[in-house]
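First the proteins, then the strands, lettered A, B, ... as listed; each starts at 1. Because the structure is predicted, anything quoted here is derived from the model rather than measured. Every heavy atom of this structure was used, including side-chain atoms; hydrogens, water molecules and symmetry mates were not.
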Protein chains: 2
Amino acid sequence: MPKKVDHEARRQEISEALWRIASTRGLDGASLRDVAAEAGISLGRLQHYFRTKDEMLVFALQHINRLAAGRIRERIESLDQEPTPRAVLRACLSGMLPLDDKSRIGLLVGAAYYARAVHDPALRAEAQHGIPQLRAFFADQLRRAAERGELSPERATEDEAMLLISAVDGLATYVLLGVHEPQDALRMLDLKLAHLFGDAGEGVEGQERVKGREGAGR
Amino acid sequence: MPKKVDHEARRQEISEALWRIASTRGLDGASLRDVAAEAGISLGRLQHYFRTKDEMLVFALQHINRLAAGRIRERIESLDQEPTPRAVLRACLSGMLPLDDKSRIGLLVGAAYYARAVHDPALRAEAQHGIPQLRAFFADQLRRAAERGELSPERATEDEAMLLISAVDGLATYVLLGVHEPQDALRMLDLKLAHLFGDAGEGVEGQERVKGREGAGR
DNA sequence: GTTATAACCGTACGAGCGACTTGTAAAAGC
DNA sequence: GCTTTTACAAGTCGCTCGTACGGTTATAAC
């Protein structure tokens, strides 16, 4: 037999090439030839690792979801030990906004997948997958906050968690559309959290101030 | 000269055929031949009214935006004269949820357009267009509510309006993905409004109860 | 009645697509 | 050292796409 190759690693490299193309041209605009070229390999080689385009698409979605979950975990762990539930929530939610190029690309890819997942059952199953988990995690954080007396108990619900996710998702959507800037979205996220946690304009705590770059043109 | 044909009407008919296809297969899945067949006309005829596919896409987006604006206006006018700002907001926001087949298709088409607008400047301009207007309108309703003492004045802001739009947009997104049901989204919208207007579980007013169809499988 | 022209229809073209097949090199197993 | 198996490369197939174009019909204008 020939040299053994790490299939998983190759597939991940190809997935990342796919994202780069999908984030600028969409999933339909990413032909196998384009992806192969972007990954610096031949079409034949790509087809050696993915027998069909759908197979590649599904794998790349699973991979990006895995990475996203990892990024969220990292963000939480980068907080001080014993962070407040509110700090955890803010870290996760702001991670869902396109505040840097990496998450911006991730969101663009996610948008491309969403548009296809709405019609494609195979992709839909994957795309749905993470949300209930995320909602449950957020709801748990809300409950912890309520126990600590930082949140009104009747707001520590799954519905409230889903509203949080939805709002941030919508904010991100409109950043990508160019309706407002990333820092505007972050400001509104903080506003939302402030209302949820019942701050009454007393100067928001537990988070760094948004810095600079005010009128920076798009 | 031959008979004069109402170009605008023909173009609208074609647009509607496009929506039907785009809502089930996406914009890339809607070929000119498919659209022509759906509209019951020949490819040649479609090309007589739209010289390129892009021209058709832009027109159809403008048309659906126009219709959506009209639907919102209708919804407001169908309320009693002198409706409360809160009732106006609820009417508009629930109109943004996929509660019936018509709005569901509209949202699917919107999603398909969004995915393309993110890359395509021409479509982006059209897709962005309505949001600031809607935000301003909502902010105005919030201000009116504050004047009437139904809302804390410091929450009558453009940011709050944008948060409202974002939340409902996100809720709709996840309905289309199949994460939750339309009536769940409506319930969370009402929850959001209740918090915004400072209800404290005292039984929500000014809106009909959501009826039946509880465990209806998807 | 002639003419000009809008309103079509049908077809064809060139490009690009995903999928498939065949060919080749090389290393692991015996 | 021969065989087997993996890892590719390259070419090709049938199809669909957006676009272009030539031809036909019908009617309004004169």
Run the side-chain donor-acceptor check on residues 105-119 of chain A: report pairs under 3.5 Å with partners two or more places apart or on a different chain.
residue : atom : partner : partner atom : Å
A/Y113  : OH   : A/L57   : O            : 2.7
A/Y113  : OH   : A/L61   : N            : 3.4
A/Y114  : OH   : B/T173  : O            : 2.9
A/R116  : NH2  : A/D28   : OD1          : 3.0
A/H119  : ND1  : B/T24   : O            : 3.2
A/H119  : NE2  : A/A115  : O            : 3.3
A/H119  : NE2  : B/G26   : N            : 3.3

Notebook entry, point to check: So does A/H7 get a side-chain nitrogen or oxygen closer than 4.0 Å to the phosphate oxygens (OP1/OP2) of D/dA7?
Noted result: yes
Item checked: A/R33: partners by salt bridge (charged side-chain N to carboxylate O under 4.0 Å, His left out), with sequence neighbours left out -> none
Note to self: Whole angstroms only, please: what is the NE2-P distance between A/H48 and C/dT24?
What the structure shows: 18 Å
Note to self: Counting the atoms with a prime plus P, OP1 and OP2 as sugar-phosphate, which does A/F50 contact under 4.0 Å by heavy atoms, base, sugar-phosphate, or nothing?
What the structure shows: nothing
Notebook entry, point to check: Would you call A/D101 and A/R104 a salt bridge, taking side-chain N to carboxylate O under 4.0 Å as the test?
Noted result: no
Item checked: Per-nucleotide protein contact string for nucleotides 18-24 of chain D (B base, S sugar-phosphate only, - none; heavy atom under 4.0 Å) -> BBB----
Next item on the list: Report yes if at least one side-chain N or O of B/R10 is closer than 4.0 Å to OP1 or OP2 of C/dC8; otherwise report no.
Entry: yes
Notebook entry, point to check: In whole angstrom, what separates A/I21's CD1 from C/dC17's C1'?
Noted result: 14 Å
Item checked: Non-neighbouring partners of A/F138 that pass ring-ring contact (aromatic ring centres under 6.0 Å, His included), sequence neighbours left out -> none
Notebook entry, point to check: Could you give the CG-to-P distance, from B/L46 to C/dG10, as a whole number of Å?
Noted result: 14 Å
Next item on the list: Report the residues that fulfil side chain to side chain contact (heavy atoms under 4.5 Å, CB included) with A/L67, sequence neighbours left out, ordered by chain and then residue number.
Entry: A/W19, A/H63
Check: Considering residues at least two apart in sequence or located in another chain, which fulfil the ring-ring contact (aromatic ring centres under 6.0 Å, His included) criterion with A/F59?
Finding: A/F50
Margin query: Taking 4.0 Å as the cut-off, does a side-chain nitrogen or oxygen of B/Y49 come that near to OP1 or OP2 on C/dC8?
Written below: yes
Next item on the list: Let me know the distance between CZ of B/R45 and P of C/dC8, rounded to the nearest Å.
Entry: 4 Å
